[in-house]
Amino acid sequence: MGEPIDAVARAAALRAEIARHDHAYYVLDAPTVPDAEYDRLFRELQALETAHPELRTADSPTQRVGGRPLSQFAAVHHRVPMLSIRTETDTEASGADAFDARVRRELGLADADAPVEYAAELKFDGLAINLRYEDGVLVQAATRGDGETGEDVTQNIRTVRAIPLRLKGEAPAVLEVRGEVYMRRDDFEQLNGRQFAAGEKTFVNPRNAAAGSIRQLDPAVAAKRPLSFFAYGLGETIGWPVPATHAEVLDALQAHGFPVCEHRAVLSGAPGLAEFHARIAALRDGLPFDIDGVVYKVNSLALQQQLGFVTREPRWAVAHKYPAQEAVTLLRDIEVQVGRTGALTPVARLEPVFVGGVTVTNATLHNQDEIDRKDVRIGDWVIVRRAGDVIPEVVAPVPERRAGELPRFDLLARFPRCPVCGSHVVRGTDEAVARCTGGLFCPAQRKQALLHFAGRRAMDIDGLGEKLVDQLVDAAIVKTPVDIYRLGILALANLERMGEKSAQNLLAAIEKSRHTTLARFIFALGIRNVGEATARDLARHFGKLDALLDVDEAALQQVPDVGPVVAKSIVEFLGEPHNREVIEQLRAAGVSWQEGEPTDAVSGRLAGRTLVLTGTLPTLSREEAKAMIEGQGGKVAGSVSKKTDYVVAGEEAGSKLAKAQELGITILDEPGLMALLGNQ
Ligand code: IVH
C-alpha cells in the first residue's frame, strides 16, 4: 500500500529543508532560521513519520537519535586500510626540511628540479572515523581500530549534527569519507561543568571526551555530548570522480556538505611548509579546538600513489608537531591565591615544565572539592594541561608514580589564616570555596571592598570608580578606606588621566561623603551577607555604632530578618581586630552620622505590619515613604497578598490597587499614611 503522494513529497521536502538548516548551522556556522521555526519543521516531520512509519528513512534527521543501547560494538573490516601517519618530532622548522628531503629523494628529484607541491592542514586532536555513504546515504561509521578492523559506531556518529546523513549533490555508488571527530574547547568546558554538577566523572581533555563519547554504548548518552567533525581524506570510492589533488578532494568533500577546516593551504617546497607551521603556531592558542600539530600531504594523488607506504605509514604524509599541551611534572606544593571576593584558590607549585609552548610553574587546582575529586596530593606526579589562553590546570595525578603514602591535602588545615593578611579563613558548609574574613584589611580584597565602600548606596563617593581604585591601590596610595579621607590634591593630580579639575571634584565628593547615615556606614563596611536592608535594620535596632560592635550572635538574631548566617558573618567581621581598627580610624577621620536611640522595631507604630506602595504620591517619593514606614518598624512589600495590612495608593495606581480592593485591604492615600505614622 502506497502512502498519499503529498505526504511522501512533504516528508522529503521537510528532510531536505532540515538538512539544509543543519548544514548552515553546524557546518557553515551561519544559522538560516530561528530555533522556533526549526523546531516547528522538525515536529511536523516527526508527526508525519508517526502517522506514516513507512516514510521514516535512514537519512531522516529524526533518526539521529533513537537507537537502543548496545552490549558491544560490531567489528567493521575497512575495505581500504586506515593508515597511520608518521610524526616529525622535531618541532622546529627543520622538521619540514627533513620531510621534504625524504619526499624528493623517494621521487628521485635532483636539487635543480622544481619544488614539490604540498597540501597542508591541521592535525586535529580527536578520534579518526570512516564514514561510508552508499547511494548518497550514510550507512556505516567505524573507528580506526588497528587500521584493518574498527568498531561500528554508526548510532553514535548519527548524533553528530555536523555529519550529513545524506550527501549533498550527485550521489556516487560508494563514498567513504575519513576525518576526525573532536570536541571544541568551549563545549568541553561546558560538558565538564555539567558532569561535575551532576556528580559524574569529568574528562581530562577534549580528546578523551570525544573518544569516550563515540565509544559510548548508549546512543542517547552520546547524543548529549557536543561533538564536531572535520573531513580530511578518503577511503573506498566507487563511481565517484576522484580529483587529481588532495586539495581538490577536500573541496569536493566540502561541496558534499562536510565540514572542512578553513586553515589549509597548498604550498610549495620546504620553506612553504615551515611558513605554514609557524603561521598556525601563532593561531594555535586562539583556535576553538585543540591541535597537536600540522599535517603535510603531497598534493598530487598520482605522486602519493608513486610514493606508497612503509608498514602502516604513507611516505607522502607527515605530522609536524607542536609542543604538547599536556605534560607530567612533580607537584611540589600547594599554595593559595586570594581573589577579589576573598575566595582562596589553591594553586599548584610545580617543578617547571614546558607545556603548550611556555614554561609552567603554577597551575590552578580550582577548590578543595576538585582536589578531593581528583585526589591530588603534594608530592604526586601530575598531568598539567595548558591549552589556548586557558590558565594552566592540574588535570590528574599519575597514580602509578605515587611513591608510598602521601597525606591528603586539606586547604583549611593548611591555611587556617589568610596568607596575605593573616585573617581567619572560613568555608561555609554549602560552599566549595574557602574565604578570607579579612574584608577591608586584606589587600587582595581591597579593590573590591573600596569600590563597594565608595558605591552609590554606601558612602556615595561620586567619581571613585574602578579605574581610579585600581590606580590608587596599585600605587599604594590607598590601602584602606581611611586613606580615601587622607587624599590630597597632589597625589591625585599626578595620576594618569586625572587633571586638577577632576581631582578637585573628587576631593569635594569625598568631603561630602563624610556626613552620612549609620545605615550607609554599616553597609559600606562590606560585611558578608549584610546588604542594604540588613544594614538599615541594624542601624535602627542598635541606634549607635558602639552598641553594635560588641554584640553576640544571639543578640543579633533579635534584629528582624537577621538569622544565624547573617549573625555569624557580622560577629566574624567585627571579631577581626583589623576591621575594628579601620572603623575607629574612619571615625577619627571625621566620618560621622546622627546617632539615635535604639529602636526596638517591635515597638514602632507599624511593628509587624506590611504595607504595599503603588502609584505616585503627591509629595513623598517612594524612597521617602518607605523609609518612614520602616522607621516605624513596618515592612514594605512588593506585591499585594492576604498578608498585606495596608496599600498606600497614589496617582496611576494599577493592578495592586485593584487586587487590594478585591481582597478588602485598607487603602490609604498620602494623608492617610501620615496619620498612620503619627506625623499629622
Ligand atoms: S590523514 C594517511 N589528516 O592523525 C594519513 N590524519 O596518525 C591518514 N589526524 O588517526 C590520516 N588530523 O586521527 C590525517 N588532517 C589530518 C589529521 C589526521 C588528525 C589524526 C588521525 C589519524 C592520526 C594519524
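One-based numbering, in listed order, for ligands and for the atoms of each.
A heavy-atom separation below 4.0 Å is found between Pro314 and ligand 1. Remark: distances from the non-hydrogen atoms of Ser84 to ligand 1 include one below 4.0 Å. Note on ligand 1: Phe309 sits outside its first shell, no heavy atom being nearer than 4.0 Å.
Between the side chains of His246 and Gln304, not a single donor N or O lies within less than 3.5 Å of an accepting N or O. A donor atom on one side chain and an acceptor atom on the other are not found under 3.5 Å apart for Asp292 and Gln325. Between the side chains of Arg225 and Thr159, no donor-acceptor pair is found at a separation under 3.5 Å.
Residue Leu122 touches ligand 1 through its backbone alone, judged by heavy-atom distances below 4.0 Å.
Counting only heavy atoms of the protein, atom 20 (C) of ligand 1 lies nearest to Glu180 OE1, 3.6 Å. Regarding atom 3 (N) of ligand 1, its nearest protein heavy-atom neighbour is Lys297 NZ, 3.0 Å. Of all protein heavy atoms, the one closest to atom 24 (C) of ligand 1 is Ile85 CG2, 3.2 Å. Looking only at protein heavy atoms, the nearest one to atom 8 (C) of ligand 1 is Leu83 O, 3.8 Å. Protein heavy atom in closest approach to atom 12 (N) of ligand 1: Phe124 N, 3.1 Å. Here the heavy atom of the protein found nearest to atom 10 (O) of ligand 1 is Ala128 CB, 3.6 Å.
For the pair Asp59 and Arg64, the salt-bridge criterion is not met [side-chain N within less than 4.0 Å of a carboxylate O]. The pair Arg185-Glu189 does not meet the salt-bridge criterion, since no charged nitrogen lies less than 4.0 angstrom from a carboxylate oxygen. Salt bridge status for Asp290 with Arg385: present, with a side-chain N to carboxylate O gap under 4.0 Å. Salt bridge present: Arg386 and Asp285 bring a charged side-chain N and a carboxylate O closer than 4.0 Å.
Residue contacts with ligand 1: Glu121 is placed with a nitrogen or oxygen under 3.5 Å of a nitrogen or oxygen of the ligand (distance criterion only).
By heavy-atom distance, the residue among Phe230, Trp316, Tyr232, Tyr296 lying nearest atom 21 (C) of ligand 1 is Tyr232.
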Would Glu236 and Arg79 count as a salt bridge (charged side-chain N to carboxylate O under 4.0 Å, His left out) if you check the C-alpha gap in whole Å, the side-chain angles of each, and the deciding distance to 0.1 Å?
CA-CA 6 Å; Glu236 187 183 34; Arg79 291 176 175 81; 3.7 Å; yes
